[in-house]
Amino acid sequence: MAMKLSFLAMLLCLMLASTPKAHASVFDVTSATYGAKPGSDVSTALGKAWSDACASPSASKVVVPSGTYKLKEATFKGPCKAPIEMQVQGTLQAPADAGQLTRPDTWVGFQYIDMLTLSGGGTFDGEGALSWNQNDCHKNKNCKHLPVNLRFEFLTNSKVQDITSLNSKFFHMHVFRCNHTTFQQLTITAPDESRNTDGIHIGASTSINITHSKIGTGDDCISIGDDSHEITVTDVTCGPGHGISIGSLGKYKEEKDVTGIIVKNCTLTNTENGVRIKTFPDSPSPSTASGIHYEDIIMVNVSNPILIDQLYCPYTQCEQKPPSKVKISNVSFKNIKGSSFTPLAVKLVCTTGIPCENVELTDIDLTYGGDKGPLTSMCSNVKPTITGVTKALGCATSSLAPLPLSKK
């Protein structure tokens, strides 16, 4: 009897091993079912393919094959019944005129999805050149926001990988209320004169990983807003742009804290700032930014390589008093090397009343080869712990007088 049971068990194992593994169902927008063709608008076909894939009880894949397709706009919503992948192999092209979109702040959106993968090696072309000239956000704090190329909202356990975001009208990627999501092997590109084209902006999200990506835009390569936690940025090249920033923080009422930010093994080239924390000087509500660590960073011809700026005022309409109510603490800058485009290579300007605490400068080696003065540093309302830093970079001057607001 025992031998018979053993034989049956072996037979069952062999049958299971020989059973073909299930593959994801494929929903190709150019198939006869959906009828999309290169050169045409695929909005309807892509929407139908997504709906069918999302309803599939097993893993599914929406495919946009090679070629260039028009896409007026799209929002892909879950929840889906199983893991879902959108594989964009070709180029999706937005309308040049932002006025054609019914959702004025978004070109392509993904919402309420668990286990999404966006991949394929393709390009989301925002056709932003016309809109950049219409953007007056640099001088008007009540400006009308333009469409984001890719908006990710309420995603969990997801991946965005191996895609290009090109010439967005506004932010390239906006990440909001997402958890446990990875962005990797991305290329994000816009010219340095394109205003407010942040590469990836994160807000109200937890456990976000950005890695092995190349970002060059007209604004922050990466910006991290309030209520962000456990954000890791590694192996990213940034430039042109405004650097890798925490903030801006302290602009709105009841903003939430920022905690647990790691930026490591990154290279910044020809950027207007390096690694930066920025808060508005007249913040209406108290909040904190803590546990922020920059390590193993290479600067190449970077203005303001190391910067804490609690007098950030991009619209020149801020009041310098009352001071920023954002408390900054437990911040480290370690092993940061390279060249500064400006003689002031380290600038730590913290708020009066609630100075920055537990700030570390360790193994900072920056050079300046210009003719605008000697290499120097400045600290205000902060007493950092300094190790392995030359005198010139170790808070060479300490300002007690009121400092002017910064505009970038």
Side-chain angles (χ1 to χ4, degrees), residues 137-138 171-172 188 190-202 210 215-225 231 233 236-251 258 261 263-264 266-281 289 292-316 318 324 326 328 331-334 336-350 356 359 361 364 366-368 370 372 375-380 382 393 403-408:
C137 290
H138 62 294
F171 292 0
H172 282 261
I188 299 176
D192 57 2
E193 66 270 17
S194 58
R195 298 189 182 105
N196 300 114
T197 54
D198 295 50
I200 303 175
H201 177 76
I202 302 167
I210 303 171
I215 305 174
T217 70
D219 212 295
D220 293 324
C221 291
I222 297 169
S223 56
I224 299 171
I231 312 297
V233 179
V236 168
T237 62
C238 168
H242 294 183
I244 298 175
S245 299
I246 313 299
S248 53
L249 304 175
K251 183 178 180 181
V258 172
I261 313 298
V263 179
K264 190 171 183 177
C266 295
T267 299
L268 295 91
T269 303
N270 298 324
T271 53
E272 291 192 13
N273 301 284
V275 289
R276 171 168 66 156
I277 304 171
K278 51 180 176 174
T279 77
F280 278 81
I292 299 168
H293 304 290
Y294 297 100
E295 187 172 359
D296 300 334
I297 309 295
I298 296 174
M299 305 285 182
V300 181
N301 204 39
V302 170
S303 301
N304 309 308
I306 297 174
L307 179 61
I308 295 178
D309 182 4
Q310 295 207 261
L311 295 175
Y312 178 71
C313 182
Y315 309 117
T316 66
C318 307
S324 176
V326 180
I328 295 175
V331 177
S332 65
F333 302 93
K334 295 182 178 180
I336 298 177
K337 304 181 185 302
S339 57
S340 176
F341 184 71
T342 51
L344 185 58
V346 176
K347 183 179 179 182
L348 309 180
V349 177
C350 297
C356 298
V359 176
L361 293 170
I364 310 299
L366 296 168
T367 61
Y368 171 67
K372 296 181 180 179
L375 182 71
T376 189
S377 56
M378 184 185 74
C379 300
S380 178
V382 59
L393 296 175
L403 296 168
L405 300 174
S406 58
K407 299 177 184 180
K408 289 187 177 181

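Annotation for L344 and M378: closest pair CD1-N, 3.7 Å, computed over non-hydrogen atoms. Across G250 and F280, no two heavy atoms sit closer than the pair O-CB, 3.7 Å. Between Q310 and C350 the shortest heavy-atom distance is OE1-CA, 3.4 Å. The nearest pair of heavy atoms linking P191 to S194 is O-OG, 2.5 Å. Residues D309 and L311 come closest through the heavy atom pair OD1-N, 2.9 Å. Contact detail for G218 and H242: the closest heavy-atom pair is O-NE2, 3.4 Å.
With sequence neighbours excluded, the residues forming a side-chain contact (heavy atoms from CB on, under 4.5 Å) with P343 are Y368, K372, listed by chain and number. In this structure S332 satisfies the side-chain hydrogen bond (donor to acceptor under 3.5 Å, both in side chains) test together with H293, sequence neighbours excluded. T271 pairs by the side-chain contact (heavy atoms from CB on, under 4.5 Å) definition with C238, L268, V302, not counting sequence neighbours. A search for side-chain hydrogen bond (donor to acceptor under 3.5 Å, both in side chains) contacts involving D192 returns nothing, not counting sequence neighbours. With sequence neighbours excluded, the residues that form a side-chain contact (heavy atoms from CB on, under 4.5 Å) with H201 are F171, H174, S223. Annotation: disulfide bond (SG atoms under 2.5 Å apart) contacts of C266 (sequence neighbours excluded): none. With sequence neighbours excluded, the residues that form a side-chain contact (heavy atoms from CB on, under 4.5 Å) with L366 are M299, P305, I306, I336, A345, I364, L393. Residues passing the side-chain hydrogen bond (donor to acceptor under 3.5 Å, both in side chains) test with T217, sequence neighbours excluded: none.
The line from CG of N301 to OG1 of T342 is 9.5 Å long, rounded to the nearest 0.5 Å. With values rounded to the nearest 0.5 angstrom, I200 atom CD1 is found 10.0 Å from I224 atom CD1. Expressed to the nearest 0.5 Å, how far OG of S377 lies from CG of L348 amounts to 8.0 Å. The line from CG of L307 to CZ of F333 is 8.0 Å long, rounded to the nearest 0.5 Å. Atom NZ of K264 and atom CD1 of I297 lie 9.5 Å apart (nearest 0.5 Å). Considering CG of L249 and OG1 of T279, their distance stands at 7.0 Å, rounded to 0.5 Å.
No option in I328, I246, V326, I231 other than I246 meets the side chain to side chain contact (heavy atoms under 4.5 Å, CB included) test with V258.
Looking at S248, its side chain never comes within 3.5 Å of a backbone N or O of K278 through a donor-acceptor pair. Using a distance-only test at 3.5 Å, with no hydrogens or angles considered, no donor-acceptor pair links the side chain of S245 to the main chain of G247. Within the 3.5 Å criterion, the main-chain N or O of E272 finds a donor-acceptor partner in the side chain of N304. Between the Y312 side chain and the I277 main chain, no donor and acceptor come within less than 3.5 Å of each other.
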Exercise for the section: Might you work through the side-chain contact (heavy atoms from CB on, under 4.5 Å) test for I210 and I202, ending with a clear yes or no? Expected result: CA-CA 11 Å; I210 303 171; I202 302 167; 3.7 Å; yes
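The shortest side-chain heavy-atom distance between H172 and T197 falls under the 4.5 Å cut-off.
For residues 237-246, no pair satisfies salt bridge (Lys or Arg N to Asp or Glu O under 4.0 Å), with sequence neighbours left out.
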